[in-house]
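Shown next, in structure tokens, is the structure this report addresses.
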Amino acid sequence: MKAFALDQLGEPESLRLADMAMPEPKVGEVRVRVEAVALNPVDYKVAMRGHPLWTFPFIPGLDVAGSVDQIGADVAGWKAGERVYYHGDLRKPGGFAEYAIVDHRALSRIPDHVAAVAAAALPTAAFTAYQAIFSKVCPRENRSILIHGGAGGVGGFALQFAKRGGFSTILTTASPKNAETVKTLGADHAIDYHGDVKAEVMRLTNGRGLDMIVNTVGPASATGGFEMLAFGGDLVCIAGLPDFSAWPPFRLGASVHEIALGAAHASEDDYSIRELGRIGDEVIGMVADKTLNPMVGEIADFTTLPQALARLKRREVPAGKVVVRVQQV
């Protein structure tokens with residue numbers, strides 16, 4: 001089969017198109033004929049740092065949509081030809097290929113009228129956002145939320161879920177050029193991230209601060225979130241935990257939550273792996289009934305995958321998700 005593989009750790013451009021052996025499903029696994037694969041920042045990050053379990057040449061790619069091609073032993077409930085999508089295990093060869101292997105517990109079905117490119121756009125970003133809004137906290141009315149990076153994948157889905165969850169005031173950070181885009185996704189206010197975000201948050205919340213922050217930026221930004229939370233607020237960290245020495249003890253009463261989506265596979269916890277499939281079913285259902293925008297910003301050809309991933313790393317792509325079409329149905 002054709003696949004983009006790494007011969008060693010490196011930049012996206014180091015991916016080469018190679019002829020690779022057809023993977024065979026083991027016990028509990030399913031082979032998927034890949035129709036589309038989404039590109040994510042985690043793809044170029046792990047390509048550069050790798051994983052101790054990798055052997056080269058290695059095929060990256062986490063977010064896959066396609067159809068069941070072959071079923072391994074001890075797999076029930078799936079049959080060849082069914083349309084599926086999933087978030088893969090970064091420790092194992094992935095979806096930058098014509099065929100890929102997945103743990104059957106993480107699979108979700110794609111409804112007939114949902115395109116493979118739309119399904120592939122979901123896992124990393126939408127599942128992460130789903131966990132941030134619905135799994136870690138309980139959305140309630142009359143609560144305020146700040147979602148960093150509303151024009152990005154996780155941020156864009158989090159905005160939509162926050163609106164769905166009933167938050168009364170939804171703030172996000174974005175560049176001025178994306179201000180209107182994030183408002184169409186659910187933001188009430190778009191704050192220019194180049195400016196004084198804290199001052200604007202306090203102005204918009206009448207000095208009270210926020211009930212919840214979804215931080216997609218990094219540890220330093222997450223640490224700064226302590227200064228913007230209202231008493232009893234929730235800080236959800238997606239790109240690194242804050243410096244807890246900056247936490248004011250017995251004054252803030254806050255809760256800090258870590259999202260580690262892909263670690264569900266490494267945990268080998270049956271419930272957590274199956275939860276990936278359950279979230280996938282729920283999220284794709286929202287796309288099917290047109291209450292969730294999959295935010296496909298660009299569809300790239302398979303032969304241009306390394307270049308598309310390099311542009312994503314340089315932030316030279318449109319708002320939304322970049323999805324690569326691997327094979328036609």
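- Note: Leu241 CG to Glu258 CD = 4.5 Å, rounded to the nearest 0.5 Å.
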Compile the donor-acceptor pairs under 3.5 Å between side chains in residues 109-119 and protein atoms, sequence neighbours left out, one pair per line.
unit_1	atom_1	unit_2	atom_2	d
Arg109	NE	Glu82	OE2	2.8
Arg109	NH2	Gly77	O	2.5
Arg109	NH2	Glu82	OE2	3.3
His113	NE2	Ala288	O	3.3

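- Distance check, rounded to the nearest 0.5 Å: CZ of Phe127 to CZ of Arg278 gives 10.0 Å.
- Lys2 and Asp19 are joined by a salt bridge, as a carboxylate oxygen and a charged side-chain nitrogen come within less than 4.0 angstrom of each other.
- Defined by atom type and a distance below 3.5 Å, a donor-acceptor pair is missing between the side-chain atoms of Tyr44 and Glu11.
- Using a 4.0 Å cut-off between a side-chain N of Lys or Arg and a carboxylate O of Asp or Glu, Arg314 and Glu13 qualify as a salt bridge.
- Taking 4.0 Å as the cut-off between side-chain N and carboxylate O, Lys321 and Glu298 do not count as a salt-bridged pair.
- Within the structure, ring pair (Phe, Tyr, Trp, His ring centres under 6.0 Å) pairs that include any residue of residues 188-228 comprise Phe226-Trp247 (at least two apart or interchain).
- Within the structure, ring pair (Phe, Tyr, Trp, His ring centres under 6.0 Å) contacts touching residues 5-31 (residues at least two apart or in different chains) do not occur.
- Under 4.0 Å is where a charged nitrogen must lie from a carboxylate oxygen, and between Glu24 and Arg31 at least one such pair does.
- Contact detail for Gly186 and Lys163: the closest heavy-atom pair is O-CD, 3.9 Å.
- For the residue pair Asn142 and Ser168, no side-chain donor N or O sits within less than 3.5 Å of a side-chain acceptor on the partner.
- A 4.5 Å side-chain heavy-atom check between Ile213 and Met228 finds at least one atom pair inside the cut-off.
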TODO: Given salt bridge (Lys or Arg N to Asp or Glu O under 4.0 Å), test Asp234 with Lys136 step by step and report yes or no.
DONE: CA-CA 9 Å; Asp234 293 285; Lys136 295 295 184 179; over 6 Å; no
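- The pair Asp269-Arg105 does not count as a salt bridge, with every side-chain nitrogen at least 4.0 angstrom from each carboxylate oxygen.
- Between the side chains of Thr124 and His87, at least one donor-acceptor pair of N or O atoms lies under 3.5 Å.
- Aromatic rings of Phe161 and Phe134 (six-membered ring for Trp) have centroids within the 6.0 Å cut-off, being under it.
- Judged as a ring pair (Phe, Tyr, Trp, His ring centres under 6.0 Å), not a single pair has a partner in residues 278-299 (not counting sequence neighbours).
- Pairs passing the ring pair (Phe, Tyr, Trp, His ring centres under 6.0 Å) check and including a residue from residues 257-307, sequence neighbours excluded, read Phe4-Phe302.
- By the 4.0 Å N-to-carboxylate-O rule, Glu200 lies close enough to Arg203 to be salt-bridged with it.
- Within the 3.5 Å criterion, the main-chain N or O of Lys26 finds a donor-acceptor partner in the side chain of Glu29.
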Identify every side-chain donor-acceptor pair in residues 173-180 under 3.5 Å, counting partners at least two apart or on other chains, and give the distances.
unit_1	atom_1	unit_2	atom_2	d
Thr173	OG1	Gly149	N	2.9
Ser175	OG	Asn178	ND2	3.3

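- With 3.5 Å as the limit, one finds a donor-acceptor pair spanning the side chains of Ser221 and Asn215.
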